[in-house]
There are 2 protein chains.
Amino acid sequence: MQQVICTVDVVLLTLQDDALKVALLNRSHEPFQGVAALPGGYIHPQSDGDAQDAALRVLREKTGITPPYLEQLATFSGPARDPRGWSVSIVYYALVPANVVAENVHPGVKLTSVDKPLKLPFDHLEIIRAAVARLRSKSQYSSLPCYLAGETFTLPQLQRVYESLMGEAINKVSFRRKITEMDMLEAVEGVFSSGVAHRPAQLYRLKPEIHEQLALLARGM
Amino acid sequence: MQQVICTVDVVLLTLQDDALKVALLNRSHEPFQGVAALPGGYIHPQSDGDAQDAALRVLREKTGITPPYLEQLATFSGPARDPRGWSVSIVYYALVPANVVAENVHPGVKLTSVDKPLKLPFDHLEIIRAAVARLRSKSQYSSLPCYLAGETFTLPQLQRVYESLMGEAINKVSFRRKITEMDMLEAVEGVFSSGVAHRPAQLYRLKPEIHEQLALLARGM
DNA sequence: TAAATAGTGTCTATTAGACATTATGCT
DNA sequence: AGCATAATGTCTAATAGACACTATTTA
């Protein structure tokens with residue numbers, strides 16, 4: 001009969017100071033007790049409706065966060081990735097605005113730059129690299145970065161999010177044409193009052209019908 | 001302790017008469033014995049190096065085919081998708097040229113149009129829809145369709161493959177510009193002699209360094 | 001040499017980016 | 001008023017598509 005260990009892991013990503021951070025926490029059990037790793041855990045067949053439910057539960061229990069966006073990344077498997085034996089990890093990635101992290105995150109969760117050289121147990125480094133690659137790839141042609149920008153945001157703020165993810169400046173006029181083409185935002189009454197000495201920008205939010213969905217571009221950013 | 005059934009399923013896709021077909025075979029065991037379904041089976045932790053190895057083994061054992069392209073699609077899970085209990089299926093999709101199918105496929109494998117209304121056990125219909133959506137999506141901006149076109153092919157043949165997948169005509173000049181931009185083909189010495197009464201087309205094959213990889217376009221087809 | 005399709009040159013339309021101008025808040 | 005940044009208008013560059021023309025094979 002089978003002896004396959006079945007777990008979920010979650011790559012929680014957020015933007016802090018224009019840099020992409022991943023949430024790590026010190027493991028409470030063996031193997032690798034005390035070592036920083038991705039939040040993860042066993043599937044609970046008695047209570048979990050599917051693997052995504054398990055990922056949401058694990059993320060809530062371990063980090064205190066319920067993410068506005070969660071998507072399956074891939075499944076990692078093999079005999080060597082976990083010292084307990086042949087294992088399967090169904091991995092999800094979550095996008096969370098910085099303020100939602102700050103207000104809800106459990107103490108002990110560490111936000112670490114994804115570009116820093118990380119030492120991580122299991123195949124968690126490979127998993128994080130895959131999640132970041134997926135996010136950056138989808139950011140080229142979709143509304144995905146909006147889920148890192150918060151509940152409401154201005155277009156200059158959103159452009160900074162896209163630029164941080166892509167690692168390069170975007171033409172302002174082209175950016176706004178693309179945002180209009182995606183048809184995913186609605187203006188929030190009242191404007192962003194920056195307190196600084198210049199014209200304030202209009203606030204926007206994702207249209208309700210877009211939540212947890214993605215708007216797509218025909219030809220990319 | 002856990003009671004999670006861990007399996008792999010494979011969506012084998014091929015182009016036959018310009019239509020996308022999926023390989024189905026009648027199940028040899030319960031549940032759904034005798035019913036047409038995707039090739040699938042248990043992971044063998046003693047012998048499988050990872051889930052992809054299990055998918056290759058299952059595909060070879062059940063259909064006789066070793067695919068030139070195999071990629072993880074997604075993992076499907078939950079308590080209701082399999083009557084045996086809470087289950088996980090790590091699903092792969094394979095692209096195989098029609099002639100490779102014809103020359104190697106086991107008797108009993110049925111190729112069925114993916115657009116036909118299918119009655120399938122488990123969540124196999126949803127899985128096939130996801131695989132077709134992934135293939136069509138990636139065909140917009142990558143060399144993926146080449147794996148459906150055979151070992152060697154002419155540019156008019158390749159264009160027909162792309163057009164069949166996308167469901168619409170492509171401008172010939174633009175298509176050739178995009179193929180050149182992807183820089184993935186090398187000419188095969190000698191030309192395709194169609195035997196029909198017109199100018200023969202140059203034969204091409206994927207560059208060796210592209211095999212099992214994808215060439216990408218900056219702005220799509 | 002006529003028919004059929006391969007392959008390419010070139011013009012036009014569409015899309016993206018550069019740059020400039022106007023708008024609007026604050027000090 | 002003057003500064004800073006938001007928002008938009010408009011010109012230019014780059015890319016995509018339409019169309020036509022040449023090339024090469026067989027009947």
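From a predicted model like this one, the values you see are computed outputs, not experimental measurements.
In this structure, the CG atom of B/Asn171 is 15 Å from the P atom of C/dA13, given to the nearest Å. Atom-to-atom, CG of A/Leu203 to C1' of C/dT24 comes out at 16 Å; the value is rounded to the nearest Å. Between A/Met221 atom CE and D/dA14 atom P the separation is 22 Å, expressed in whole Å. Rounded to whole Å, atom P of D/dT24 lies 6 Å from atom CZ of B/Arg199. Rounded to an integer number of Å, the gap from NE2 of A/His198 to P of D/dA1 is 21 Å. Taking atom CZ of residue B/Phe175 and atom P of nucleotide D/dT15, one finds them 19 Å apart after rounding to whole Å. One can place CD of A/Gln157 at 10 Å from P of D/dA7, the figure rounded to the nearest angstrom. Note: CD (A/Glu181) to P (C/dG17) measures 12 Å, nearest angstrom.
Across all strands shown, A/Arg177 has heavy atoms under 4.0 Å from base atoms, whether or not it also approaches the sugar-phosphate.
Rounding to the nearest 0.5 Å gives a distance of 11.5 Å between CD of A/Glu168 and CE of A/Met221. A distance of 4.0 Å separates CE in A/Met182 from CG in A/Leu217, rounded to the nearest 0.5 Å.
A heavy atom closer than 4.0 Å to some atom of DNA chain D occurs in no member of residues 140-153 of chain A.
Nearest heavy-atom pair, A/Leu70 versus A/Gln52, reported as atom, atom and distance to 0.1 Å: CD2-CG, 3.8 Å.
Both B/Ala197 and A/Arg176 lie near DNA chain D, and the one whose nearest nucleotide falls closer to the 5' end is A/Arg176. Comparing A/Leu155 and B/Arg219 by the nucleotide of DNA chain D whose heavy atom lies nearest to each, the residue mapping closer to the 5' end is A/Leu155. Both B/Thr154 and A/Gly220 sit near DNA chain C, but only B/Thr154 has its closest nucleotide nearer the 5' end.
Under the 4.0 Å criterion applied to side-chain N and carboxylate O atoms, B/Glu126 and B/Arg81 are not assigned as salt-bridge partners. The existence of a salt bridge linking A/Asp183 and A/Lys207 is confirmed by a sub-4.0 Å separation between a basic side-chain nitrogen and an acidic carboxylate oxygen. With respect to the salt-bridge test (charged N to carboxylate O, under 4.0 angstrom), the residues B/Arg160 and B/Glu163 do not qualify.
Residues B/Leu148 and B/Phe153 have side chains not in contact (no heavy-atom distance under 4.5 Å, counting atoms from C-beta outward).
You'll find a donor-acceptor pair under 3.5 Å spanning the side chain of A/Lys172 and the base of D/dA7, going by distance alone.
Contact between the side-chain N/O atoms of A/Lys178 and the OP1/OP2 oxygens of C/dA16 is found at a separation under 4.0 Å.
Distance from the side chain of A/Val173 is smallest for C/dA18 among the nucleotides D/dA6, D/dT24, C/dA18.
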